[in-house]
Asker: 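The structure that follows is given in the form of structure tokens.
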Amino acid sequence: MSASAVVFYMLAFFILATGLLAVTSRKIFRSAIWLLFSLTGIAGLYFWLQMEFIAAVQIVVYVGGIVVLIIFSIFLSQQSGKDLPVPVRGRQVVSALLVCAGFVLTCLLVGHYAFRPAGQPSGGGIGVGTGEGDMGGNASVGNIGAQLLSTSEHGYVLPFEVVSILLLAAMIGCIAISIKIKPEDK
Amino acid sequence: MSQVPLSHILIVSTALFFIGMYGLFTRRNMITMLISVELILNSVNINFIAFNKYLYPDRLDGVFFTLFIIAIAAAEAAVAIAIFINLYRNFHSIDVEAADELKF
């Protein structure tokens with residue numbers, strides 16, 4: 001087992017252990033902190049897969065944005081020192097059984113399916129820019145940006161604009177939902 | 001990277017998905033349910049990146065799907081937390097059992 005594989009299995013163990021703690025911890029603030037560790041581990045997995053840009057986006061958006069937002073909302077709406085109520089024992093057992101059954105089923109399906117790379121076989125796992133000119137597979141920031149804003153056949157400029165509209169709508173929606181109406185205006 | 005088969009990465013993301021499902025089933029606090037949803041979305045992102053890297057190394061489509069999923073997850077988390085704040089104002093609790101105004 002090479003050093004790279006050891007790094008992968010350590011990252012996988014870290015992600016799964018902190019994820020499990022995030023959904024089982026009895027204190028809600030600790031749960032959010034375990035989520036932060038799990039998301040950082042996933043960013044490490046992206047670094048291991050040599051997708052540096054995605055790893056950076058993961059850290060900036062998830063760790064820097066969503067987790068901070070979750071922690072703020074915990075402080076606004078919870079007594080974060082208090083324990084959460086213990087879930088009903090029956091519900092815990094049933095959901096654990098269901099989840100284990102689903103996991104085993106999916107693992108069997110994954111094990112039975114032979115994943116073959118498309119196109120030329122064994123085409124060098126690391127993204128070497130083979131063909132397709134400047135739209136090649138090298139996941140550098142320049143290539144990602146060029147293809148994201150390209151209007152050609154493989155460009156993603158239309159989903160990009162749609163997502164920008166969605167973000168604007170979400171921002172206005174957040175303000176409209178959470179604005180405080182004064183009692184006399186009601 | 002080439003020493004680890006693709007199926008191991010898929011098993012990790014499957015395990016993360018079902019951990020998120022377990023949290024979604026057992027928790028009754030909306031913020032912890034949102035945490036579970038974030039774990040589920042991240043497991044999907046791992047799948048997209050791993051498929052892109054192993055099966056289509058000369059394309060970038062998985063990267064773009066992951067980027068759009070991250071953007072939509074951020075929008076979703078922001079709207080969800082605005083709803084939590086509003087709900088807390090009305091019910092003084094963000095337990096899903098407390099929000100039963102429309103039920104009766």
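Numbers restart at 1 for each chain; the letters A, B, ... are given by sequence-line order, proteins then strands.
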Asker: With a 4.5 angstrom heavy-atom cut-off, which part of A/Ile66 approaches chain B: side chain, backbone, both or neither?
Answerer: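 It is the side chain, since no backbone atom gets that close.
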Asker: Which answer fits B/Asn52, side chain, backbone, both or neither, if we ask what part of it has an atom under 4.5 Å from a heavy atom of chain A?
Answerer: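 For B/Asn52, the contact with chain A is made by the side chain alone.
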Asker: Hey, does A/Tyr46 have a side-chain heavy atom less than 4.5 Å from the side chain of B/Ile49?
Answerer: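 Yes. Closest side-chain heavy atoms under 4.5 Å.
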Asker: I'd like to know which of A/Val88, A/Val94, A/Leu148, A/Ile179 tops the heavy-atom pair count under 4.5 Å against chain B.
Answerer: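 With the most close heavy-atom pairs to chain B, the winner is A/Leu148.
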Asker: Tell me whether A/Arg26 at atom CZ has more than 12 heavy atoms from other residues, nucleotides or ligands lying less than 6.0 Å away.
Answerer: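 Enclosed: over 12 neighbouring heavy atoms sit under 6.0 Å from CZ of A/Arg26.
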Asker: Treating Ile, Leu, Val, Met, Phe, Trp and Tyr as nodes and any side-chain heavy-atom pair under 4.5 angstrom as an edge, say whether B/Ile94 and B/Val79 lie in one connected cluster.
Answerer: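 B/Ile94 does not cluster with B/Val79.
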Asker: So which residue, A/Gly111, A/Gly65, A/Ala170, ends up with the most heavy-atom pairs under 4.5 Å with chain B?
Answerer: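 Among A/Gly111, A/Gly65, A/Ala170, the one with the most close pairs to chain B is A/Ala170.
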Asker: Step by step, work out the side chain to side chain contact (heavy atoms under 4.5 Å, CB included) result for B/Tyr54 and A/Leu49.
Answerer: CA-CA 10 Å; B/Tyr54 279 81; A/Leu49 284 164; 4.0 Å; yes
Asker: Under 4.5 Å from any heavy atom of chain B, what part of A/Tyr156 do you find: side chain, backbone, both or neither?
Answerer: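 Contact with chain B: backbone and side chain both.
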Asker: Is it the side chain or the backbone of B/Phe65 that comes within 4.5 Å of chain A heavy atoms, both, or neither?
Answerer: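 Just the side chain, heavy atoms under 4.5 Å.
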Asker: Using a cut-off of under 4.5 Å for heavy-atom pairs, which of B/Val63, B/Asp95, B/Thr32 has the most such pairs with chain A?
Answerer: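 Looking at each of B/Val63, B/Asp95, B/Thr32 in turn, B/Val63 comes out on top.
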Asker: Can you name the ring pair (Phe, Tyr, Trp, His ring centres under 6.0 Å) partners of A/Tyr9, sequence neighbours left out?
Answerer: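 B/His8.
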Asker: Do A/Ile54 and B/Asn45 come close enough that some side-chain heavy atom pair is under 4.5 Å?
Answerer: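 No; the side chains remain at least 4.5 Å from each other.
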Asker: Side chain, backbone, both or neither: which part of B/Leu24 has an atom under 4.5 Å from a heavy atom of chain A?
Answerer: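 Neither part; nothing is under 4.5 Å.
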Asker: Would you say CZ of A/Phe160 has more than 12 non-hydrogen atoms from neighbouring residues, nucleotides or ligands within 6.0 angstrom?
Answerer: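 Atom CZ in A/Phe160 is not packed in, count stays at 12 or less.
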Asker: Is it possible for you to say whether A/Phe75 and A/Ile28 belong to one hydrophobic cluster, with membership spreading through side-chain heavy-atom contacts below 4.5 Å?
Answerer: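 Shared cluster, yes.
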Asker: Once rounded to the nearest 0.5 Å, what's the spacing between atom OH of A/Tyr62 and atom CG of B/Asn42?
Answerer: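 So the OH of A/Tyr62 and the CG of B/Asn42 are separated by 4.5 Å.
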Asker: Highest number of heavy-atom pairs under 4.5 Å with chain A: which of B/Ala15, B/Ala71, B/Ala74?
Answerer: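 Top option by heavy-atom pairs under 4.5 Å: B/Ala15.
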Asker: Can you name the residues of residues 31-38 of chain A that have some heavy atom under 4.5 Å away from a heavy atom in chain B?
Answerer: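 Residues in range: A/Ser31, A/Ala32, A/Leu35, A/Ser38.
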Asker: Please look at B/Tyr22 and chain A and tell me whether the side chain, the backbone, both or neither of the residue comes under 4.5 angstrom of a heavy atom of that chain.
Answerer: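 Answer is both: backbone and side chain atoms of B/Tyr22 are under 4.5 Å from chain A.
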Asker: Which region of A/Phe72, side chain (C-beta onward) or backbone (N, CA, C, O), has a non-hydrogen atom less than 4.5 Å from a non-hydrogen atom of chain B, or is it both or neither?
Answerer: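 Answer is neither: A/Phe72 stays 4.5 Å or more from chain B.
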Asker: Out of curiosity, A/Leu167 CG to B/Ile72 CD1, how far, rounded to the nearest 0.5 Å?
Answerer: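 Here the rounded value is 8.5 Å.
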Asker: If I measure from the heavy atoms of chain A, does B/Thr26 come under 4.5 Å with its side chain, its backbone, both, or neither?
Answerer: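 Both parts, heavy atoms under 4.5 Å.
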Asker: Treat each ILVMFWY residue as a node, draw an edge where side-chain heavy atoms are under 4.5 Å apart, and state whether B/Leu60 and A/Val141 are in one component.
Answerer: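 Linked, B/Leu60 and A/Val141 end up in one cluster.
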Asker: What's the spacing between B/Phe17 CZ and A/Thr106 OG1 if we round to 0.5 Å?
Answerer: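 Atom-to-atom, B/Phe17:CZ and A/Thr106:OG1 are 8.0 Å apart.
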Asker: So which atom in B/Ser36 and which in A/Val23 form the shortest heavy-atom distance, rounded to 0.1 Å?
Answerer: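 Taking every non-hydrogen atom into account, OG-CG1, 3.9 Å.
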Asker: Flag the one option from A/Ala96, A/Cys100, A/Ala169, A/Ala176 with the top tally of heavy-atom pairs under 4.5 Å to chain B.
Answerer: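 Heavy-atom pairs under 4.5 Å are most numerous for A/Ala96.
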Asker: Non-hydrogen atoms of chain A under 4.5 Å away: do they reach the side chain of B/Ile46, the backbone, both or neither?
Answerer: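 Both parts, heavy atoms under 4.5 Å.
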Asker: For the hydrophobic clusters of this structure (ILVMFWY residues joined by side-chain heavy atoms under 4.5 Å, transitively), does one cluster hold both A/Val104 and A/Val99?
Answerer: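 A/Val104 and A/Val99: separate clusters.
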Asker: Can you hop from B/Tyr88 to A/Ile177 via hydrophobic side chains spaced under 4.5 Å?
Answerer: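 They do not share one cluster, since no chain of ILVMFWY contacts under 4.5 Å joins B/Tyr88 to A/Ile177.
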Asker: Which answer fits B/Leu6, side chain, backbone, both or neither, if we ask what part of it has an atom under 4.5 Å from a heavy atom of chain A?
Answerer: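 Contact with chain A involves the side chain of B/Leu6 alone.
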Asker: Does any backbone or side-chain atom of A/Ile15 lie under 4.5 Å from a heavy atom of chain B? Answer side chain, backbone, both or neither.
Answerer: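 Both parts, heavy atoms under 4.5 Å.
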Asker: So do B/Ile31 and A/Phe29 actually touch side chain to side chain, heavy atoms under 4.5 Å?
Answerer: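 A side-chain contact under 4.5 Å is absent here.
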Asker: Among B/Phe25, B/Phe18, B/Phe84, which has the most heavy-atom pairs under 4.5 Å with chain A?
Answerer: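 If we count pairs closer than 4.5 Å to chain A, B/Phe18 comes out on top.
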Asker: Quick one: are A/Trp48 and B/Ile9 in side-chain contact, heavy atoms under 4.5 Å?
Answerer: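 With C-beta onward as the side chain, the pair touches.
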Asker: Could you give the distance from CE (A/Met51) to NZ (B/Lys53), rounded to the nearest 0.5 Å?
Answerer: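 Rounded to the nearest 0.5 Å, the CE-NZ separation comes to 4.0 Å.
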Asker: For each of A/Leu98, A/Ile42, A/Ile175, tally heavy-atom pairs with chain B at distances under 4.5 Å, and name the one with the top tally.
Answerer: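 The answer is A/Ile42.
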Asker: Pick from B/Arg27, B/Arg28, B/Met33: which one has the most heavy-atom pairs with chain A under 4.5 Å?
Answerer: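 Highest number of pairs under 4.5 Å: B/Arg27.
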Asker: Can you tell me which portion of B/Leu10 sits under 4.5 Å from chain A's heavy atoms? Options are side chain, backbone, both or neither.
Answerer: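 The side chain, not the backbone.
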Asker: Heavy-atom distance under 4.5 Å to chain B: side chain of A/Phe13, backbone, both or neither?
Answerer: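 Contact with chain B is absent: no heavy atom of A/Phe13 under 4.5 Å.
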Asker: How far apart are the closest heavy atoms of B/Ala78 and A/Leu69, and which atoms are they?
Answerer: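 Between these two residues, the closest heavy atoms are CA-CD2, 3.9 Å.
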Asker: Measure the spacing between CG of B/Leu67 and CD1 of A/Ile144 and express it to the nearest 0.5 Å.
Answerer: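 Rounded to the nearest 0.5 Å, the CG-CD1 separation comes to 6.5 Å.
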Asker: Which answer fits B/Ile81, side chain, backbone, both or neither, if we ask what part of it has an atom under 4.5 Å from a heavy atom of chain A?
Answerer: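 Only the side chain of B/Ile81 comes within 4.5 Å of chain A.
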Asker: Among A/Pro159, A/Ala12, A/Gly173, single out the residue with the greatest number of heavy-atom pairs under 4.5 Å to chain B.
Answerer: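 With the most close heavy-atom pairs to chain B, the winner is A/Pro159.
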Asker: Applying salt bridge (Lys or Arg N to Asp or Glu O under 4.0 Å), can you list everything that pairs with B/Asp61, at least two apart in sequence or on another chain?
Answerer: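 B/Asp61: salt bridge (Lys or Arg N to Asp or Glu O under 4.0 Å) contacts with B/Arg59.
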Asker: Which residues pass the salt bridge (Lys or Arg N to Asp or Glu O under 4.0 Å) test with A/Glu153, sequence neighbours left out?
Answerer: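 Salt bridge (Lys or Arg N to Asp or Glu O under 4.0 Å) list for A/Glu153, sorted by chain: empty.
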Asker: For B/Leu34, is it the side chain, the backbone, both or neither that has a heavy atom under 4.5 Å from a heavy atom of chain A?
Answerer: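 Contact with chain A involves the side chain of B/Leu34 alone.
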Asker: Please round to the nearest 0.5 Å and tell me the distance separating atom CD1 of B/Ile35 and atom CD1 of A/Ile70.
Answerer: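 One gets 5.0 Å once the value is rounded to the nearest 0.5 Å.
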Asker: What pair of heavy atoms forms the shortest contact from A/Ala5 to B/Gln3, and how long is it?
Answerer: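 So the two residues come closest at CB-CB, 4.5 Å.
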Asker: Side chain from CB out, backbone as N, CA, C, O: work out which of these in B/Ala80 comes under 4.5 Å of a heavy atom of chain A, or both, or neither.
Answerer: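 Neither part.
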